[in-house]
A.B. asks: 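Here it is, the structure in full.
As the structure is a computational prediction, the values presented were derived from the model and not from experiment. Atoms within a ligand are numbered from 1 in the order they appear, just like the ligands themselves. We're numbering straight along the sequence, starting at 1.
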Amino acid sequence: MSSNCGLNLKIHSSSLTQFEASVTEGFPFCMSRFVGVNASDINYSAGRYDPSVKTPFDAGFEGVGEVVALGLSASAAFMVGQAVAYMAPGSFAEYTVVPARVAIPVPGLKPEYLTLLVSGTTAYISLKELGGLSEGKKVLVTAAAGGTGQFAVQLAKKAKCHVIGTCSSAEKSAFLKSVGCDRPINYNTEHMSTVLRQEYPQGVDVVYESVGGAMFDLAVDALATRGRLIVIGFVSGYQTPTGLSPVKAGTLPAKLLKKSASVQGFFLNHYLPEFRGAMDHLLKMYAGGELVCEVDTGGLSAEGRFTGLESVFRAVDYMYMRKNTGKIVVELPPSVNNLSYHAIQLVKGGMFENLITVNMSKVWNIGPKNAIQNK
Ligand SMILES: NC(=O)c1ccc[n+]([C@@H]2O[C@H](COP(=O)([O-])OP(=O)(O)OC[C@H]3O[C@@H](n4cnc5c(N)ncnc54)[C@H](OP(=O)(O)O)[C@@H]3O)[C@@H](O)[C@H]2O)c1
């Protein structure tokens, strides 16, 4: 990502056109208050997700925001002032037009709801569909104290599994203990393969594997007979030119055969039909006090907390310095900006035939006369 990719711009013409077209079609228009940082933001901005996409394109996968304008067809499901969580490309933006089908009403403007979107649902759906979890199974989670790892740990505990989680510091280890992880392994102070060999001689039944490279190799070696490893990611390779981290692929077929073990990939985008149900389930768990949604807004960052879109770059670096515990979230304070100005011009100019409500106090203070339009 660079400062000319649209991140630092308050608005560019495509946003305005999208805003104009979409709001008139009735999609909620949101003021973003929290945006989520993901390990794959750098894969996306490097063009690895869709090589056909040419720069400049909008980055960011998810946010939580407040509905500030609403078209007719969205009015049955949404209200101005409502908090919504959304997974939508281009979410690193102060204002976002969110397709109604992906805007999920949430009880309030809290970053915890954001943690459930990409990170929570990835853990929930992958473990449900591929994990085969049941009581007593041994589950190894790598990057266990991170955005998605924290949910894999807790969901495996809910399924009455024995959970082992890898991490890089004593603080993360303490966090893992606090969310029920039976055996945190701080790989900077303990030798992982020794711990696994000595404490789990029969191997582990399921691995939720996010790190790749040497960690993947260790996890394959630690698989039990009929064990299964779910490839969630390979973050250790994302900063390399290829985005990959080398593994001992040559010996993999023999290792799997000898244990009747399996390795299977999981990519959330291929499970979108399950997304909404997963969100509903996780929201209920959180509301019932059954789930910790740990948020990291840069408490350990030397330059201070992540506030404003300009801090997205710092937040990504923070993740790659392995400092985060929980989900990295950037807060966007409510602000008046250029898009607000353009929104007013469009509203004033009668661009929105089907626009039923605009909360102008959140967009721009142009006086009560123009504040609400009902058609
Ligand atoms: N398949 C999917 O659909 C899907 C969806 C979401 C996320 N993911 C994957 O899940 C993984 C975690 O993503 P996330 O966004 O939740 O990130 P995260 O876990 O919040 O942060 C990444 C963590 O990875 C660990 N790590 C180990 N080696 C690393 C390295 N060389 N460089 C950077 N970090 C390293 C660090 O924890 P420690 O310091 O404790 O080791 C770091 O905090 C990634 O592989 C991501 O691609 C996949």
Side-chain angles (χ1 to χ4, degrees), residues 35-46 48-49 60-62 87 111 114-127 129-131 140-153 164-176 181 184-190 192 207-219 229-240 243-246 264-272 274-275 278 293-301 306 312 315-330:
V35 291
V37 169
N38 286 283
S40 269
D41 284 326
I42 66 171
N43 287 329
Y44 190 77
S45 57
R48 288 190 193 117
Y49 268 32
F61 297 150
E62 56 187 339
M87 195 170 72
L114 186 146
T115 69
L116 301 176
L117 289 160
V118 174
S119 302
T121 61
T122 292
Y124 180 82
I125 301 170
S126 65
L127 289 175
E129 298 289 323
L130 311 176
L140 170 65
V141 179
T142 61
T148 190
Q150 63 170 327
F151 294 110
V153 168
I164 307 145
T166 73
C167 66
S168 61
S169 71
E171 292 73 22
K172 294 188 190 197
S173 197
F175 165 71
L176 286 175
C181 181
I185 304 176
N186 173 354
Y187 57 78
N188 282 325
T189 56
E190 291 191 276
M192 255 196 75
V207 184
Y208 186 86
E209 213 297 282
S210 297
V211 174
M215 187 69 90
F216 173 88
D217 290 329
L218 272 176
L229 183 151
I230 309 171
V231 177
I232 295 295
F234 28 92
V235 62
S236 61
Y238 296 169
Q239 288 181 303
T240 67
L244 301 168
S245 43
Q264 182 163 357
F266 174 88
F267 187 38
L268 181 60
N269 287 4
H270 297 146
Y271 288 83
L272 293 181
E274 280 83 18
F275 176 75
C293 299
E294 187 69 10
V295 170
D296 191 331
T297 55
L300 296 179
S301 167
F306 307 132
V312 167
V316 172
D317 282 347
Y318 183 85
M319 175 184 283
Y320 281 89
M321 287 188 281
R322 309 188 198 191
K323 287 191 173 172
N324 65 302
T325 298
K327 174 83 185 184
I328 301 182
V329 174
V330 173

A.B. asks: Quick one: does any side-chain atom of E209 pair with a main-chain N or O of G212 as donor and acceptor, under 3.5 Å?
C.D. replies: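 Judged by distance alone, yes, a pair lies under 3.5 Å.
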A.B. asks: State which residues pass salt bridge (charged side-chain N to carboxylate O under 4.0 Å, His left out) with E190; sequence neighbours excluded, sorted by chain then number.
C.D. replies: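 Applying salt bridge (charged side-chain N to carboxylate O under 4.0 Å, His left out) to E190 gives R183.
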A.B. asks: Enumerate, one pair per line, all nitrogen or oxygen atoms of ligand 1 lying under 3.5 Å from a protein nitrogen or oxygen, stating the separation to 0.1 Å; write 'none' if no such pair exists.
C.D. replies:
residue	atom	partner	partner atom	Å
ligand 1	1 (N)	I232	O	3.0
ligand 1	1 (N)	F266	O	2.7
ligand 1	3 (O)	L268	N	2.7
ligand 1	15 (O)	A39	N	2.9
ligand 1	16 (O)	T148	N	3.1
ligand 1	19 (O)	G147	N	3.4
ligand 1	20 (O)	G147	N	2.7
ligand 1	20 (O)	N324	ND2	2.8
ligand 1	31 (N)	R322	NH2	3.0
ligand 1	37 (O)	K172	NZ	3.4
ligand 1	39 (O)	S168	OG	2.5
ligand 1	39 (O)	K172	NZ	2.9
ligand 1	39 (O)	Y187	OH	3.4
ligand 1	40 (O)	S168	N	3.2
ligand 1	40 (O)	K172	NZ	3.2
ligand 1	41 (O)	Y187	OH	2.7
ligand 1	43 (O)	K172	NZ	3.4
ligand 1	43 (O)	N324	OD1	2.7
ligand 1	45 (O)	S210	O	2.8
ligand 1	45 (O)	Y238	OH	3.2
ligand 1	47 (O)	Y238	OH	2.6

A.B. asks: Contact between V118 and M87 at the side-chain level, heavy atoms closer than 4.5 Å - yes or no?
C.D. replies: yes
A.B. asks: In this structure, is the centre-to-centre distance between the rings of Y44 and F61 below 6.0 Å?
C.D. replies: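 Ring centres of Y44 and F61 closer than 6.0 Å.
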A.B. asks: Output all residues satisfying side chain to side chain contact (heavy atoms under 4.5 Å, CB included) with S301, sequence neighbours left out; order by chain, then residue number.
C.D. replies: E303, F306, R314, Y318
A.B. asks: Who pairs with Y187 by side-chain hydrogen bond (donor to acceptor under 3.5 Å, both in side chains), at least two apart in sequence or on another chain?
C.D. replies: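 Result, side-chain hydrogen bond (donor to acceptor under 3.5 Å, both in side chains) vs Y187: R322.
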